[in-house]
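Below: one structure, written as structure tokens.
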Amino acid sequence: MKYKKIRNILLRYQQEHLLNHLSDLRPEEQEILLSQIDSIDFKQMENLYRQVENNLNNNTEEAVFNPLESVNWQELSNEMKDHCFELGMNLIKQGKVGVLVVAGGQGSRLGYEGPKGTYDIGLPSKKSLYQLQAERLLNLSNKANRVIPWYIMTSPENHEATVLFFELNSFFGYPQEDIFFFQQDVLPALDLNGKIVMKSPKEIYLVPNGNGCCFSALKRSGGLNDLNKRGIEWLFYYNIDNALIKVADPGFIGYSHMKGNPIASKFVEKRNPDEKVGVFGLKNGRPCVIEYTELPESMKYKQISTGQLMFNQANISVHLFHKDFIEEIADYDLPYRVARKNLNISNGNVDVFKFELFIFDLFPYADYMTSIQVIREEEFAPVKNKTGPDSPSTAKKLILDLHHKWLIQSGVPLEMIKGKSVEISPLLSYAGEGLSVELIKKYSNGLLILE
Ligand SMILES: CC(=O)N[C@H]1[C@@H](OP(=O)(O)O)O[C@H](CO)[C@@H](O)[C@@H]1O
């Protein structure tokens with residue numbers, strides 16, 4: 001009965017190839033494949049393919065783009081920085097700050113099978129990205145005497161492995177009741193002719209549907225209720241793959257709170273016109289990010305009189321959202337963005353279209369947003385590629401260089417650490433504070449590693 005119904009649907013949408021190998025499968029495998037097929041919205045997939053055919057992805061052409069007003073954190077006075085920090089710390093102390101990490105992606109460029117957050121970038125301590133983040137959050141939580149709730153978005157593909165990783169590592173000392181795992185959706189990938197791609201004869205290739213689904217997924221999972229119950233006002237959003245992420249940065253939170261816009265973001269200066277980062281701007285007067293895949297050449301190289309790129313505010317995927325805004329937009333339908341990718345399947349490689357929602361397609365719903373420039377070397381160490389730029393080795397070097405700098409700034413004589421790799425546990429210092437020569441002597445290993 002189920003088979004017949006499914007077959008008819010597939011025939012209607014010309015996707016009957018999904019059943020080509022059904023008779024070769026064991027009964028339980030057949031059952032799994034049929035329910036996978038049953039969960040697909042074929043009408044939606046047909047519409048998405050039509051979108052590709054009509055090349056509707058690029059909606060940047062007719063709009064008017066302008067740079068977004070911003071402030072450089074470095075240029076604020078020390079009084080202002082202290083004031084913002086205190087404001088942010090107070091919000092954390094009052095339990096008004098939560099953190100959301102989007103960690104459901106596939107890490108295909110990195111060539112790593114497991115959840116990206118479990119990746120060890122090769123630091124002396126061998127800490128995973130998750131551990132680095134957990135410890136930074138714990139440091140702040142200890143200072144505030146209040147645990148910062150942590151919402152972790154996984155995908156069906158990596159959910160179990162993520163939770164297991166936390167369990168095996170005793171949640172890195174984080175109170176379990178303050179971690180909330182929830183899952184994003186997946187969508188099939190389509191081949192260039194619009195056919196749904198099979199990963200193997202028994203499985204459809206399902207791809208996480210992008211970070212733009214995070215608030216609807218949070219709501220569906222009960223996470224938004226949890227946020228409300230706890231009285232959280234600001235949600236600090238970030239991408240799992242930034243090894244230098246200053247999670248729940250109090251200064252940033254304080255400044256954004258003071259400005260009062262529903263969204264705030266950090267940015268760094270774009271390294272060069274071709275760097276694969278989105279850029280902030282105003283689209284027809286509303287805040288937006290134009291993704292690197294969609295930035296027209298005319299905007300990419302455009303300079304202002306000083307020679308600086310006009311659109312130079314590189315998105316490092318660090319945002320702050322006000323809870324009221326999240327509630328307002330959680331159910332909004334965002335447009336699916338199309339990307340052409342090469343996927344590895346059981347009988348080789350195949351070119352596909354994959355469909356994703358982008359978090360920053362929510363930005364134009366805010367009347368204005370706060371935009372803050374920060375220092376790249378202190379805040380942005382993306383782990384995207386296996387080797388070369390933005391890889392584990394560049395991220396590791398950025399962390400070790402920063403920790404070295406922290407010690408020097410704390411008055412530690414160069415001879416003591418010259419030529420050594422310095423790694424400071426985030427449990428010991430959140431952003432370089434509280435370090436000294438005595439500390440080096442005390443923690444020559446463990447919390448502070450010198451190699
Ligand atoms: C949809 C989305 O969030 N894209 C972000 C995100 O891209 P990735 O495709 O995940 O690398 O992170 C980049 C920073 O690491 C940022 O520049 C870009 O705009």
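We count ligands from 1, going down the list as the structure has it; atoms in each ligand are counted the same way.
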Sub-4.0 Å atoms of ligand 1 with respect to non-hydrogen atoms of [X]:
X	result
Phe380	14 (C), 15 (O)
Phe360	1 (C), 2 (C), 3 (O), 4 (N), 19 (O)
Glu291	1 (C), 2 (C), 4 (N), 5 (C), 7 (O), 18 (C), 19 (O)
Tyr292	9 (O)
Val277	17 (O)

Once you restrict to heavy atoms under 4.0 Å, what part of [X] touches ligand 1? Side chain, backbone, both or neither.
X	answer
Lys384	side chain
Arg109	side chain
Asn239	side chain

Flag, side chain of Asn72 to backbone of Gln74, donor-acceptor distance under 3.5 Å: yes

Asn139 side chain to Pro426 backbone, donor-acceptor under 3.5 Å: yes

Candidate with minimal heavy-atom separation from atom 14 (C) of ligand 1, of Ile240, Asp241, Asn315: Asn315

From the candidates Gly278, Ser317, Pro382, Ala314, the one that places a heavy atom nearest atom 6 (C) of ligand 1: Ser317

Heavy-atom side-chain proximity of Phe360 to Glu291 below 4.5 angstrom: yes

Asp351 side chain near Arg340 side chain, heavy-atom distance below 4.5 Å: yes

Glu160 atom CD, neighbour heavy-atom count above 12 within 6.0 Å: no

Lys199, NZ atom: more than 12 neighbouring heavy atoms under 6.0 Å: yes

Ring center gap for Tyr174 and Phe166 short of 6.0 angstrom: no

Aromatic centroids of Phe181 and Tyr151 separated by under 6.0 Å: no

Atom 3 (O) of ligand 1: nearest protein contact (heavy atom, Å): Asn211 ND2, 2.7 Å

